[in-house]
Amino acid sequence: MNLEVTPKSSWQGQLDLCFGYQNGTTQILSSRAQAPLKLQRPFYPEGNAICHSVILHTAGGIVGGDRLLLNIQLEPHAQALITTPAATKVYRSNQVEAQQSVHIQVAESACLEWLPQEAIIFNQAYYRQDLRVDLVEGASWLGWEITRFGRSARGEQFLAGEWRSHTEVWQGDHPLWIDRQWLPGSAATVQSLHGLADYPVVGTFAWVGQSVPPDFVQQARQAWMGDSAEVGVTRLTKGLVCRYRGHSTTAARKWFTTVWQHIRQDYLNRDRCIPRVW
Amino acid sequence: MNDDSALLRLFQLTSPALPVGAYSYSEGLEYLVHQGQLPNAAALQEWLHDELMLGAIRMDAAVMVRAYQAIQAQDWETVLRWNRWLSATREAEELRLQNWQMGRSLLRLLEGLTPDPALPQSFPPSLIETLLKEGCNFAIAYAVIATSWQITGFVTLLGYLHSWAANQISAGIKLIPLGQTAGQQLLLDLNPSVHQAALQIWDLPDDSLESCSWGLTLAAMGHETQYSRLFRS
């Protein structure tokens, strides 16, 4: 793989975002965006304390050679929810890797809900994403990642290409959750029980930053109402992880949304609220 | 390895009689068999092969190698760092607790044995205390004992993977079930995969510490809720 040569059509996008909290309001203190990344004007559907933001990718998809860099910072007590308006497409490339790197820092008593819409990884796409979250003591982060491999509606499978997704959540120099997923595209990995087991969709929901009682794990398991998929829930030393492997991004999101809303009500002192762009 | 006595110690370390309780865990196999996903020896062989080439054991063994090298370099902070790192990758609670239990048992065993005067103590007692306090993964404890028994690195890696495979096959024999001869045939047939995996793991860069572990994670999560179980959770 030659990473030296970047196709002319590729993007070097960047978004730097900082949220602060003052007088009961979470505000965007600074925002700097470089195409194709763009930030929509924030909105406050549940009062001033929680700032909802939508990150746009204006080019319609990610191609080989793209480098996207996002830095998101939450100052003490800031409360933010970030999502995207549509699915992210990662197109096939001639073995040239596209990369997205997200670095999130969450300060004391601040909380970020990171809820991008699903990604569609086309057959023969080469994609690497890194998500690093740094929490201080008392901060929390929840997020999900829902991924469809191949445009399965038209029978496409992920038979070639490579997907790497490294998610790490740290508290100081102590790792709380390290999830380094790797899926080399091939007929064998599409079929393997380790890989996709002939399902096109995988999803992960995680909540990290505080310990979770066993009862809540039970509640998250019971929230799954679907069928024809494999799901599981477990406890981290400080957090909770739900995994989905199945056919439907909608079913995965529906389940994760239920668990997320339970967390909101039981632990974050927030009401149920669904972002209006969905 | 020229040292016959080191070879004898390797046999002891890889023996199923090593009292760490490995036999009481199935690492998801019990759930997979229950779900009908591993109906026979061929399916188990495919599962174990994929685990070696793509799965969590590959990452686990690569961290064991890193801990081994850090102990040799007397870099205790790096040993602790890799132990924490490995704990954070074990999201399924039952896999995390299994590894801590087996790691603790192995370190306790080492503490209980009278050291061979011919083998200098290779690590400070405070390292063991900290590892026990934070939860010591089996891979890290394995590296501690292998270095102190002066077993060479690559042979330690082969031994680690081989005893893992043998233990998984023992679980498969009980669960599927398989005959003893079929189990031994499977272990023999798996040798090329073990060797190939060891060669890859030995040279794996840090950035490639990654795995395709949906199957294992879902199986371990499922096993935590399985109603009737032979194996520990």
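In what follows, chains carry the letters A, B, and so on, assigned in the order in which the sequence lines appear, proteins first and then strands, with residues in each chain numbered from 1.
Within residues 214-226 of chain B, the residues having any heavy atom less than 4.5 Å from a heavy atom of chain A are, in residue-number order, B:Trp214, B:Gly215, B:Thr217, B:Leu218, B:Met221, B:Glu224, B:Thr225. Residues of residues 172-189 of chain A that come closer than 4.5 Å to chain B, counting heavy atoms only, are A:His174, A:Pro175, A:Leu176, A:Trp177, A:Ile178, A:Asp179, A:Arg180, A:Gln181, A:Trp182, A:Leu183, A:Pro184, A:Thr189, ordered by residue number. Heavy-atom proximity under 4.5 angstrom to chain B picks out nothing from residues 129-147 of chain A.
Taking the charged nitrogens against the carboxylate oxygens, B:Glu134 and B:Arg84 do have a contact shorter than 4.0 Å, which makes a salt bridge.
Under the 3.5 Å distance criterion, the side-chain polar atoms of B:Glu51 are matched with a main-chain donor or acceptor of B:Ala56. Remark: side-chain polar atoms of A:Arg245 are paired, donor with acceptor, to backbone N or O of A:Gly195 under 3.5 angstrom. Side chain of A:Asn123 to backbone of A:Ala160: a donor-acceptor contact under 3.5 angstrom is found. Judged purely by atom type and a 3.5 angstrom limit, B:Glu27 has no side-chain atom pairing as donor or acceptor with the backbone of B:Gln168. In terms of modelled atom types and a separation under 3.5 Å, the side chain of A:Glu118 and the main chain of A:Thr249 share no donor-acceptor contact.
Counting heavy-atom pairs under 4.5 Å between each of B:Leu86, B:Leu38, B:Thr89 and chain A puts B:Thr89 at the top. With respect to chain A, the highest number of heavy-atom pairs below 4.5 Å among B:Leu32, B:Asp50, B:Leu54 belongs to B:Asp50.
Contact of A:Val241 with chain B is made through backbone and side chain together, with heavy-atom distances under 4.5 Å. Heavy atoms closer than 4.5 Å to chain A are found in the side chain of B:Glu46, but not in its backbone. With a threshold of 4.5 angstrom between heavy atoms, B:Ser87 does not approach chain A through any atom at all. Only the backbone of A:Val231 has a heavy atom closer than 4.5 Å to any heavy atom of chain B.
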Output a table of donor-acceptor pairs, distance under 3.5 Å, between side-chain atoms of residues 199-207 of chain A and any protein atom two or more places apart or on a different chain; print 'none' if there are none.
residue: A:Thr204; atom: OG1; partner: A:Arg243; partner atom: NH1; Å: 2.6

In sequence, state the C-alpha distance, the side-chain angles, and the governing distance for B:Ser105 and B:Gln101, and then conclude on side-chain hydrogen bond (donor to acceptor under 3.5 Å, both in side chains).
-> CA-CA 6 Å; B:Ser105 297; B:Gln101 181 274 308; 2.9 Å; yes
Take B:Ser163 and B:Tyr142 through the side-chain contact (heavy atoms from CB on, under 4.5 Å) test and state the conclusion after the steps.
-> CA-CA 11 Å; B:Ser163 34; B:Tyr142 206 89; 3.7 Å; yes
Can A:Arg164 and B:Asp207 be said to form a salt bridge (charged side-chain N to carboxylate O under 4.0 Å, His left out), step by step?
-> CA-CA 11 Å; A:Arg164 303 170 72 193; B:Asp207 192 48; 3.3 Å; yes
From CA spacing to verdict: side-chain contact (heavy atoms from CB on, under 4.5 Å), B:Thr130, B:Trp76 | CA-CA 10 Å; B:Thr130 312; B:Trp76 318 124; over 6 Å; no
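For the ring-ring contact (aromatic ring centres under 6.0 Å, His included) with A:Phe149, the lone residue among A:Phe158, A:Tyr127, A:Phe122 that qualifies is A:Phe158.
Scanning all heavy atoms of the two residues, the minimum distance from A:Ser248 to A:Ala251 falls at OG-N, 2.8 Å.
Here the NZ atom belonging to A:Lys238 is positioned 3.5 Å from the CD atom belonging to A:Gln171, to the nearest 0.5 angstrom. Interatomic distance, CG of B:Leu204 versus CZ of B:Arg66, reported as 6.0 Å (0.5 Å rounding).
With 3.5 Å as the limit, one finds no donor-acceptor pair spanning the side chains of B:Asn167 and B:Tyr25.
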